[in-house]
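The structure appears right after this line, and notes come after that.
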Amino acid sequence: MPDIEMLKDRSAEGSVSTERLPIVDISPYLDSSSSEEARKVASQTLDKACREFAGFFYVTGHGLAPEYMKDLLKLGHKFFEQPQEKKDSIHIFKSMDRVRGYQKIGENVTYAKRDQQEALDIYPEPENPSTAQLEGSQLWPSEDDLPGFRDTLLDYTEKMKKIGHAFMRAMCDALGHREMFDQLQDDNYWVLRVIGYPPLPEEYDLDKGISCGAHTDYGCLTFLLADDTPGALQVESKDGSWIPADPIPGAYVVNIGDIIDTLTGHQYKSTYHRVIHRGSNYRVSMPFFFEPQRDQVIQTLPGMVPAGEKAVEPFTYFDHLKRMIYNHFVSNDEALPEKPNANALTQRG
C-alpha cells in the first residue's frame, strides 16, 4: 500500500487540455463476416488509443441504436425524478450487503470528499443471497413505480457483455496471450451504475468535493453512456492537464480499468478521470463496468513486467473489488474518514 501522505488529490486542479480523445470502431469484432484486414485496423487503432491516449477513447460500431441509448438515459432521468421517499426506500444501507441500491447526494465518497451525485448501483445477484460482502440481493424500484425498469437494465447488461467480449478479442489480436483473453470472456462479472448529477452552484467550493472526484476504475473496461451535457467528464492527460470527454451522439466513452492495467504491466493504463458539472441541466450517466469472472486470478502477463519493477503479487478480481468498493459509501450522518483510501494497484487514491 502506498504512503497516503505522498498522494495528492488533484480532483479540483489543472488546466483544460486542447487534446481530443481518439475514436475506435469496434464493428469488425462484432461482425462475423468482417475481413482479417478490418479486424487488424481495429485492433491497431485500439492498441494506439490504449498506449498513447491514456486508455480513454470513443467507441463506435457497437451495434446499439442511438434511440435505444437515449431511451436508457430517459429511464435514468425517470428514476431520479421520483419522490425522495421512493428512492430512499431502496437505499444501499437497507440492502443485505450494504452496497446495492440508491445513494443520496454526498454519500459516494472519493478521496475522503463527498461527491455531488446521487446514484443507483446494480450488481449481479448470487443464487443464494446473504449478508456477506457483495453477496446480497439487488434492490430495485417497484414495477408499479417504474414499469420495465429492471428488465430493461438487465437486458442492457447482456448486450454490453457481448461488446466487452469484442474488445477482449481485439486486445488479444494486439497483445497475444490468448488464454488470458479467452478467460476474460467467460462468466463475466459486471457493475452498472445510474448516476444523477445536479449542477454545481457557481459559488461552490470545489475543494470540498466535486461532482465525482478524480479516480481510476477497478475492472477491465468501463463503457460510459451519458446525456449530451458538455464540459463535465474530464480525463487526465500525460502532462497533467484535463482532456474534455464531451459526448458524441451514438458513441460510448470507454476507458481501461485497473485489471487490464495490471495484466499489461501498465502498457494499457487506467487513468484518472473526474466530473465537474457546472451546466444548467441535471446530468445523467450510466457507466457499465465490464469485469472478469469473480475468481479470476490477476497478475502481470509474461513478458509485460516493466523493466526494473517487481511483478504484482497475484490476487483475485473479487477481492480487489471488495477492498475498494466498501470504502466508498459514507452516510451523510457520519463523519468522513480522516485519510482517503489508497489504491495499491494504481498508487493513487
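All residue numbers refer to positions in the sequence shown, counting from 1. The model shown is predicted, which means the values in this text are computed figures rather than measured ones.
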Measure the [atom1]-[atom2] distance between [X] and [Y] for me, rounded to the nearest 0.5 Å.
| X | Y | atom1 | atom2 | value |
| --- | --- | --- | --- | --- |
| Ile325 | Gln133 | CD1 | CD | 10.5 Å |
| Ser237 | Leu21 | OG | CG | 10.5 Å |
| Met96 | Gln138 | CE | CD | 12.0 Å |
| Gln82 | Ser89 | CD | OG | 7.5 Å |
| Asp115 | Ile105 | CG | CD1 | 11.0 Å |
| Met171 | Ile260 | CE | CD1 | 5.0 Å |

More than 12 non-hydrogen atoms from neighbouring residues, nucleotides or ligands closer than 6.0 Å to [atom1] on [X], yes or no?
| X | atom1 | answer |
| --- | --- | --- |
| Glu36 | CD | no |
| Arg51 | CZ | yes |
| Lys86 | NZ | no |
| Glu313 | CD | no |
| Glu85 | CD | yes |

Glu236/Lys269 under salt bridge (charged side-chain N to carboxylate O under 4.0 Å, His left out): CA gap, chis, key distance, verdict: CA-CA 12 Å; Glu236 187 180 47; Lys269 192 165 183 60; over 6 Å; no
Can [Y] be reached from [X] by stepping across I, L, V, M, F, W or Y side chains whose heavy atoms are under 4.5 Å apart?
| X | Y | value |
| --- | --- | --- |
| Val24 | Val41 | no |
| Val297 | Val305 | no |
| Leu221 | Ile163 | yes |
| Phe288 | Leu64 | yes |
| Tyr326 | Phe315 | yes |

Test item: [X] side-chain N/O and [Y] main-chain N/O as donor-acceptor pair under 3.5 Å:
| X | Y | result |
| --- | --- | --- |
| Gln267 | Pro306 | no |
| Gln117 | Tyr197 | no |
| Arg193 | Ala119 | no |
| Ser34 | Pro28 | yes |
| Glu334 | Asn332 | no |
| Arg98 | Phe93 | yes |
| Arg100 | Pro124 | yes |
| Ser43 | Lys40 | yes |

Compare all side-chain heavy atoms of [X] with those of [Y] and state whether any distance is below 4.5 angstrom.
| X | Y | answer |
| --- | --- | --- |
| Tyr29 | Asp173 | yes |
| Trp242 | Tyr272 | yes |
| Leu153 | Phe79 | no |
| His277 | Pro199 | yes |
| His177 | Pro302 | yes |
| Gln296 | Ile259 | no |
| His320 | Thr262 | no |
| Ile298 | Val312 | no |

Do [X] and [Y] have a side chain donor and acceptor closer than 3.5 Å?
| X | Y | result |
| --- | --- | --- |
| Asp295 | Thr316 | no |
| Ser142 | Asp144 | no |
| Glu107 | Tyr102 | no |

Nearest non-hydrogen partners of [X] and [Y], listed with the distance:
| X | Y | answer |
| --- | --- | --- |
| Tyr282 | Asp227 | O-OD2, 3.8 Å |
| Leu184 | Pro292 | CD2-CB, 3.8 Å |
| Asp186 | Gln293 | O-CB, 3.5 Å |
| Asp246 | Tyr58 | O-OH, 2.6 Å |
| Gly136 | Pro126 | O-CD, 3.3 Å |
| Ile256 | Cys50 | CD1-SG, 3.8 Å |

Look at the aromatic rings of [X] and [Y] and report parallel, tilted or perpendicular, splitting at 30° and 60°.
| X | Y | result |
| --- | --- | --- |
| Phe290 | His165 | perpendicular |
| Tyr123 | Tyr189 | tilted |
| Tyr252 | Tyr156 | parallel |

side-chain contact (heavy atoms from CB on, under 4.5 Å), paired with Ile23, selected from Val59, Thr45, Thr60: Thr60
Salt bridge (charged side-chain N to carboxylate O under 4.0 Å, His left out) evaluation trace for Arg323 with Asp319: CA-CA 6 Å; Arg323 277 195 301 269; Asp319 287 343; 5.1 Å; no
Member of Tyr268, Phe223, Phe181 meeting the ring-ring contact (aromatic ring centres under 6.0 Å, His included) criterion with Phe167: Phe223
Side chain to side chain contact (heavy atoms under 4.5 Å, CB included) evaluation trace for Arg169 with Gln185: CA-CA 9 Å; Arg169 295 193 292 273; Gln185 298 175 58; 3.4 Å; yes
Partner of Glu118 under side chain to side chain donor-acceptor pair (under 3.5 Å), chosen from Lys87, Lys104, Gln103: Lys87
Side chain to side chain contact (heavy atoms under 4.5 Å, CB included) assessment of Phe56 paired with His273: CA-CA 9 Å; Phe56 260 86; His273 49 289; 3.4 Å; yes
Worked check of salt bridge (charged side-chain N to carboxylate O under 4.0 Å, His left out) between Glu81 and Lys78: CA-CA 5 Å; Glu81 289 165 0; Lys78 286 181 179 178; over 6 Å; no
Residues Leu263, Met304; criterion side chain to side chain contact (heavy atoms under 4.5 Å, CB included); working and verdict: CA-CA 8 Å; Leu263 290 171; Met304 289 193 168; over 6 Å; no
Candidate pair Leu175 and Asp47, rule side chain to side chain contact (heavy atoms under 4.5 Å, CB included), full reasoning: CA-CA 8 Å; Leu175 298 170; Asp47 183 69; 4.1 Å; yes
